[in-house]
**Q** 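Could you have a look at this structure, given as structure tokens, before my questions?
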Amino acid sequence: MNQPQQNIDVVFEPQFVNKDTLRIPTLKVLQQDGTLYPNAMMPNIDKSLALKIYDTMVFIRVLDERMVASQRQGRISFYMTCKGEEASIIGSAAGLSDDDMIMAQYREQGALAFRGFSLENFMNQMFSNAKDLGKGRQMPIHYGSSELNYMTISSPLATQIPQATGFAYGQRLQGLDALTLCYFGEGAASEGDFHAGLNMAAVLNSPTIFYCRNNGYAISTSIEDQYAGDGIAPRGVGYGIETIRVDGNDCLAVLLATQKARAFALENNKPVLIEAMSYRLGAHSTSDDPSGYRSKEEEDLWAELDGVMRFRNWLELQGWWDQAQETALYDKYRQEVLAQLKVSEKVPTPLLVELVSDVYSDIPTHLQQQLGDLRQHLAKYPQDYPKTSGEKH
Amino acid sequence: MNQPQQNIDVVFEPQFVNKDTLRIPTLKVLQQDGTLYPNAMMPNIDKSLALKIYDTMVFIRVLDERMVASQRQGRISFYMTCKGEEASIIGSAAGLSDDDMIMAQYREQGALAFRGFSLENFMNQMFSNAKDLGKGRQMPIHYGSSELNYMTISSPLATQIPQATGFAYGQRLQGLDALTLCYFGEGAASEGDFHAGLNMAAVLNSPTIFYCRNNGYAISTSIEDQYAGDGIAPRGVGYGIETIRVDGNDCLAVLLATQKARAFALENNKPVLIEAMSYRLGAHSTSDDPSGYRSKEEEDLWAELDGVMRFRNWLELQGWWDQAQETALYDKYRQEVLAQLKVSEKVPTPLLVELVSDVYSDIPTHLQQQLGDLRQHLAKYPQDYPKTSGEKH
Amino acid sequence: MAQMNLLHAINNALDLAMAVNDRVLCFGEDVGHFGGVFRSTSGLQDKYGKNRCFNTPLTEQGIIGFANGLAAQGAVPIAEIQFADYIFPAFDQIVNETAKFRYRSGNEFNVGSLVIRTPYGGGIAGGLYHSQSPEAYFTGTPGLKVVVPRNPYQAKGLLLAAIKDDNPVIFFEPKRLYRASIGEVPEEAYEIELGKAEVVTIGSDITLLGWGAQMEVIEKAMELAKADGISCELIDLRTLLPWDVETVATSVTKTGRLLISHEAPLTGGFAGEIAATIQQQCFLHLEAPINRICGLDTPYPLIQEKEYVADHLKIYEGIKATMNF
Amino acid sequence: MAQMNLLHAINNALDLAMAVNDRVLCFGEDVGHFGGVFRSTSGLQDKYGKNRCFNTPLTEQGIIGFANGLAAQGAVPIAEIQFADYIFPAFDQIVNETAKFRYRSGNEFNVGSLVIRTPYGGGIAGGLYHSQSPEAYFTGTPGLKVVVPRNPYQAKGLLLAAIKDDNPVIFFEPKRLYRASIGEVPEEAYEIELGKAEVVTIGSDITLLGWGAQMEVIEKAMELAKADGISCELIDLRTLLPWDVETVATSVTKTGRLLISHEAPLTGGFAGEIAATIQQQCFLHLEAPINRICGLDTPYPLIQEKEYVADHLKIYEGIKATMNF
Ligand SMILES: Cc1ncc(C[n+]2csc(CCOP(=O)(O)OP(=O)(O)O)c2C)c(N)n1
Ligand SMILES: Cc1ncc(C[n+]2csc(CCOP(=O)(O)OP(=O)(O)O)c2C)c(N)n1
Ligand SMILES: [Mg+2]
Ligand SMILES: [Mg+2]
């Protein structure tokens, strides 16, 4: 119940509070040249973790570049890059334990790669072939892996946010030493599910890390048309959630924030909101052309702040990386990606039965019937359904 | 787009901001004994407005009391009182112009009475009779009046919040000197529609006053189970909305806040959020028994802070009110209410055609057919449908 | 055996489910200490603690989103939506998420353990927003199961089966019968198989089909028809998705006539799907058109509820019209 | 007359509506400067300003809630939902609010000026969430009108009629045809009456019924059947709620056979409602069961889309089966 009117702050002049009342600063560690800010605090990181992060960054750069090219060649139907946000995505994934569940939006392939999703798995999903873990049912980039604790991507935006709250609540009740990290864009944060998910997590003490990738755009819609406040972070304060804003192009700052958030959430059984400020350097997707809604100058400004380059600069200053390694790594991944692409695009499509399986735990009578009717039909017109007609029933 | 990383506040230690970072004070004017706080600022109010407010308070107290009794006697099916929140509801309505649209939740009969909704109209709605403006279609207390700019109540919670944003946007575009005030409970503020409505108002510059009645409960659910932040007000800050918290039992403070909010909103074409802290003194509705979820002590504590009594004390100190007037006014309203009740419960039910009218602007063929079939059916069994069987077709 | 009303039967089923599996959770608006506005979760918080039976904030989309996540994690969430009229804010979470969770992931993940309970239907002077029967909004959604019990015995057995079932189930509870329907119910746990209709009364002239609270209305009409010498076969569909075509088709093949009655409006109601399927399956056996006696095609009214609903007299007239076709 | 594709026809209708009435507004996700992800609002912000054509934040429930308020205020909102698959967060605002606004207020208030535009349907390799045809979720909701055009000419005329109509209209646009369907369209404003089906081809053996993008698939099947000497009567329903029972019943009374085809899954699809109604109205004239050729009862797949859909070959086989019954 509300406090009866005592022990509360009282004013006698009607002053509005507004967004200037609460300015949330940005956590930084790394400068663009790879040196640390003078007062910077370091995350928990050693050489092997640093190299794993960078390795993943390069892999994703190569994958993104190759797959956009493949889409242009008509070999896959659709793709989305995470260009510009690699430091944010991979840095945060690196702050988790492998047991933590990740529930992402769609642009977080870097987190999945960091978890160890194989190139083959990536590629099979994008070619919707018989080896795709998702059985060829969703558009490219809708990855998921139960083994790697990475929830399958769902196109409807923000639905994963209250789901993450529930998932983490289940983890807590089971007494697991694991939580859930939920990625979403600043655009998705306008959905009602965002509000529901964060408020419920705060009230129900669900150890969830809400990780908002604020990259300036939701397709063509810039943040000016998305919100009027100081970004997404102050909303966390409103919900009574511990909140931190971080430079999303600063991999060490992201890692530091995530490590602190994870420790806090698990110790206190409470959620944390992280807002990572970054920029979507590429198009929204291969269906999009950003030149219709933003300037080259703006893009260039942000390209200079590139988080991959910043992290590499730091690695080099540590003596952990050099140009030869760089060239070798890019070459290796370019070759691997091309090779796997050629393999995966030749794997046949899933069996016809996968059209009706997994709707329910078993295939119910009416779907068995529909499948049977379909088989008869296909048998009548084998030439019209080339993908499935060769199938041995 | 996001600001490239300059001109922003930077930190180098990962500190969370949390609800203690932003404490929003409560505006007060009146002390319980009717004297002003030493530094208090007065709203724009003269004797005639003060008496109109108090008159409405008494009317609503009487109406609420009588209708709860009627419900117990089985004369109406359902009722909800606004006991405890009269100062908040009537004080805010008094801060508006008659041209402003009011979109309420359900507990704001005081605002409607202040606008001049007649006792007859109230009563006809509750008896679902042929004179009910709503044509007997909704449960008691779902009032509405186009003439009085009071949107018909809808049971689904929070749906009126984004609607208010749209309504006010329409008023602005038409260049009207009018805005929309939207009432809702702190429970309803958990719905996704709350998030959508407030964020859109901030982004689209819609002159809407969002008036949250924080009365401590949503049916049995206390605010501890509803939110973990410092009430609803800090959310306004998050959206970039000018926000003010007010003592909801302090009619003058509420009036002051609303007057300021209205002026600000119309001058700047921007929304304002007001959070009025109060307490639901009665049951949630006649279907509810609060003894199952809260203590008598808690209720008593709040009863002492009663806003009607506080306002009356002030009126008396002004020399504008005395015990004789008090007694006479209560007597008058008790008699009027009883008399109207007897009249309204005898008014027949709406004509059968109202069962199918207003689904569309005209009655389409299939509904005309269904009505025709129904008439034939009723003619066969007149004794089984007593309410409509007497009707001359 | 014990005498229970429908509310007790549900409370008892929840209690038994929570007792045997500590991963079963009950939550929703006012569900915790208070036990729900209808009291169906009464006593469960005291017994199983605040972690397993609790109030949620007032957000249906949040409740079902949260429940989806819980189910994916391996818990067994039983989420309550206070009135079926208020299930629509959760529609996206149900239709786009719950229903498609397993399929879209290739069975990497699923929310098969989820049950959504919600009171539905009219007859309580509730008007537009406390009376709706929204089952047909869900029966067009592959991946869901939709179940409606008609009495305490069915309620307990079907609810326990729904909780056990490895698919998400929407469980519509006929709130008009919560206290009005009383019957003998075994005290121990038992299950009634989902997906199977029940032939309640055997007859030869016409098949009457319904579910939930409408069953007793149809039964009343059947009694009137019986007095006229009409022999009705009465079927309770119980599970609406996937539904038991075979039992219905077998009956209609025998009787040659079918009348379906539900509370929801006629147009777009689930009776349409049944009629479409049965006219195809039983074409050569039908002696009269399949008749649908349903709510009018309007929002649910208040003062004219009696005139609006598919009551026993309208059904009785429908039976006669079908017999005399 | 001008050659326009379906997208142009819609853009042109919006342009004309905004030109004659400054209370007409267009908004939705990416609708403003960018002109929408399909470009149907292209150029409108430049022409009519940011106040009348604008981006909204990314919230479908907010978009429709906002639109309901605008309509109640007297404006003429044309709200875009980016894909019909994403209309479900707005389901409560549509089903509980839009549809019931006038009724519940006794006509004190209404949102009759509202139009909701949304691209629907498959055939674009969109998988589960860029292919759905959710019309049947709305046809069970009294108070709404539901309209689906099949080509540019229809799109413009029906959209202008929907904007003029004093009832809320959900306008489903067949996105597969946005650029693929091109035809002659008058440059000036004109309206096609809502609630009226169109007999596209006159025939005598069987009535074929559909709407939207499915019309051209049915037509292709009709051509195959024609080669077999089967004379099909082809009807485009155009308005699904309230629908034109008379035109369909008249045709089926003549032909004695009916096949309905839609993209959405069979169970719970709108074909069920039509079949249920027509079997009742035309019982004595039916020479074969009413046949429904629809999507399978699964979520919309990706790689097996070709196998999943109700294509011309399945419809052709359906026609033959119905003829040979
Ligand atoms: C419910 C819903 N509405 C609309 C869309 C279409 N859509 C896909 S991505 C997108 C923009 C998302 O922006 P943001 O959340 O900022 O993520 P970003 O793309 O910037 O990573 C939109 C509108 C969708 N997928 N789901
Ligand atoms: C969408 C929706 N969900 C649930 C309900 C049932 N319900 C009616 S009132 C209420 C509590 C509202 O609490 P609050 O918003 O704080 O308003 P108060 O009653 O305190 O004035 C609930 C849960 C509803 N009417 N609509
Ligand atoms: Mg973004
Ligand atoms: Mg409250």
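In what follows, chains carry the letters A, B, and so on, assigned in the order in which the sequence lines appear, proteins first and then strands, with residues in each chain numbered from 1. Just so you know, these numbers use all the heavy atoms, side chains as well, and skip hydrogens, waters and symmetry mates.
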**Q** Let's test your reading of the structure: which of A/G192, A/A168, A/G144 forms the most heavy-atom pairs below 4.5 Å with chain C?
**A**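 Sorted descending by pairs with chain C, the first entry is A/G192.
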**Q** Under 4.5 Å, counting heavy-atom pairs only, tell me which of A/G197, A/P364, A/S145, A/A164 racks up the most with chain C.
**A**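 Most heavy-atom pairs within the cutoff with chain C belong to A/S145.
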**Q** So, do A/Y169 and C/F54 have ring centers that fall under 6.0 Å from each other?
**A**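 Yes, close enough.
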**Q** If you count heavy-atom pairs under 4.5 Å between each of C/P57, C/G195, C/A75, C/G112 and chain A, which one has the most?
**A**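 Result: the option with the highest number of such pairs is C/P57.
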**Q** Count the heavy-atom pairs under 4.5 Å between each of C/N110, C/N51, C/T59 and chain A, then report the option with the highest count.
**A**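 Max contact count across the listed options: C/N51.
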**Q** Does the side chain of C/Q82 reach to within under 4.5 Å of the side chain of C/D30, using non-hydrogen atoms?
**A**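 In contact.
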**Q** Check each atom of A/E354 against the heavy atoms of chain C and say whether the ones under 4.5 Å are side chain, backbone, both or neither.
**A**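 Backbone of A/E354 only, per the 4.5 Å heavy-atom cut-off to chain C.
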**Q** Do NZ/NE/NH1/NH2 and the carboxylate oxygens of C/D22 and C/R52 come within less than 4.0 Å?
**A**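 C/R52 and C/D22: not salt-bridged.
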**Q** Just give me the residue among C/P77, C/A72, C/A99, C/G65 that pairs up with chain A most often, heavy atom to heavy atom, under 4.5 Å.
**A**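 The residue among C/P77, C/A72, C/A99, C/G65 with the greatest pair count is C/G65.
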**Q** Please look at A/L355 and chain C and tell me whether the side chain, the backbone, both or neither of the residue comes under 4.5 angstrom of a heavy atom of that chain.
**A**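 Contact with chain C: backbone and side chain both.
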**Q** Quick check on C/N55 against chain A: is it the side chain, the backbone, both or neither that has a heavy atom closer than 4.5 Å?
**A**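 When you check distances to chain A, only backbone atoms of C/N55 fall under 4.5 Å.
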**Q** Taking the side chain as every heavy atom from C-beta outward, state whether C/F270 and C/L237 have any atom pair closer than 4.5 Å.
**A**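 Answer yes - side chains close enough.
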**Q** So which part of A/V203 gets closer than 4.5 Å to some heavy atom of chain C, the side chain, the backbone, both or neither?
**A**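 When you check distances to chain C, only side chain atoms of A/V203 fall under 4.5 Å.
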**Q** Determine whether the aromatic ring centres of A/Y143 and A/Y150 lie less than 6.0 Å apart.
**A**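 No, ring centres 6.0 Å or more apart.
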**Q** With a 4.5 angstrom heavy-atom cut-off, could you sort out which part of C/F27 is near chain A: side chain, backbone, both or neither?
**A**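 It is neither, since no heavy atom gets under 4.5 Å.
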**Q** Against chain C, label A/M151 side chain, backbone, both or neither, depending on which of its atoms sit under 4.5 Å from a heavy atom there.
**A**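 Looking at A/M151, backbone and side chain both touch chain C.
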**Q** Please classify the contact between C/Q61 and chain A as side chain, backbone, both or neither, with a heavy-atom cut-off of under 4.5 Å.
**A**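 For C/Q61, backbone and side chain are both near chain A.
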**Q** Give a yes-or-no answer on whether the side chains of A/T159 and C/E97 include a donor-acceptor pair shorter than 3.5 Å.
**A**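 Short answer, yes.
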**Q** Relative to chain A, which segment of C/I64 carries a heavy atom at a distance below 4.5 Å: side chain, backbone, both, or neither?
**A**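 Neither; nothing under 4.5 Å.
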**Q** Pick one of side chain, backbone, both or neither for A/S357, based on which atoms fall under 4.5 Å of a heavy atom in chain C.
**A**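 Contact with chain C is through the backbone of A/S357 alone.
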**Q** For a quick check under 3.5 Å, do A/N129 and A/N124 share a side-chain donor-acceptor pair by atom type?
**A**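 Checked: A/N129/A/N124 side chains pair up, N/O donor to acceptor below 3.5 Å.
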**Q** Could you check whether A/D358 pairs with C/K100 (Lys NZ or Arg NE/NH1/NH2 to Asp/Glu carboxylate O, under 4.0 Å)?
**A**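 A salt bridge is absent here (no side-chain N lies under 4.0 Å from a carboxylate O).
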**Q** Quick check on C/K50 against chain A: is it the side chain, the backbone, both or neither that has a heavy atom closer than 4.5 Å?
**A**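 Answer is backbone: N, CA, C or O of C/K50 sit under 4.5 Å from chain A.
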**Q** Which atoms of A/L173 come close to chain C, meaning under 4.5 Å heavy atom to heavy atom: side chain ones, backbone ones, both, or neither?
**A**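 Side chain of A/L173 only, per the 4.5 Å heavy-atom cut-off to chain C.
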**Q** What do you reckon, are the aromatic ring centroids of C/F91 and C/F138 less than 6.0 Å apart?
**A**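 Yes; C/F138 has its ring centre under 6.0 Å from that of C/F91.
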**Q** With respect to chain A, which residue among C/L58, C/T56, C/L144 yields the maximal number of heavy-atom pairs within a distance under 4.5 Å?
**A**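 Max contact count across the listed options: C/L144.
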**Q** With no hydrogens and no angle check, just 3.5 Å: does a side-chain donor-acceptor pair link A/S154 and A/Q160?
**A**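 Note: A/S154 and A/Q160 side chains miss the donor-acceptor criterion.
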**Q** Side chain, backbone, both or neither: which part of C/D92 has a heavy atom under 4.5 Å from chain A?
**A**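 Contact with chain A: side chain only.
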**Q** Using modelled atom types and a 3.5 Å cut-off, is there a donor and acceptor pairing between side-chain atoms of C/T41 and backbone atoms of C/V31?
**A**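 A pair under 3.5 Å: yes.
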**Q** Under 6.0 Å between ring centres: does that hold for C/Y129 and C/Y86?
**A**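 Centroid separation for C/Y129 and C/Y86: 6.0 Å or greater.
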**Q** Could you tell me which of A/P162, A/G136, A/A196 has the largest number of non-hydrogen atom pairs under 4.5 Å with chain C?
**A**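 The residue among A/P162, A/G136, A/A196 with the greatest pair count is A/P162.
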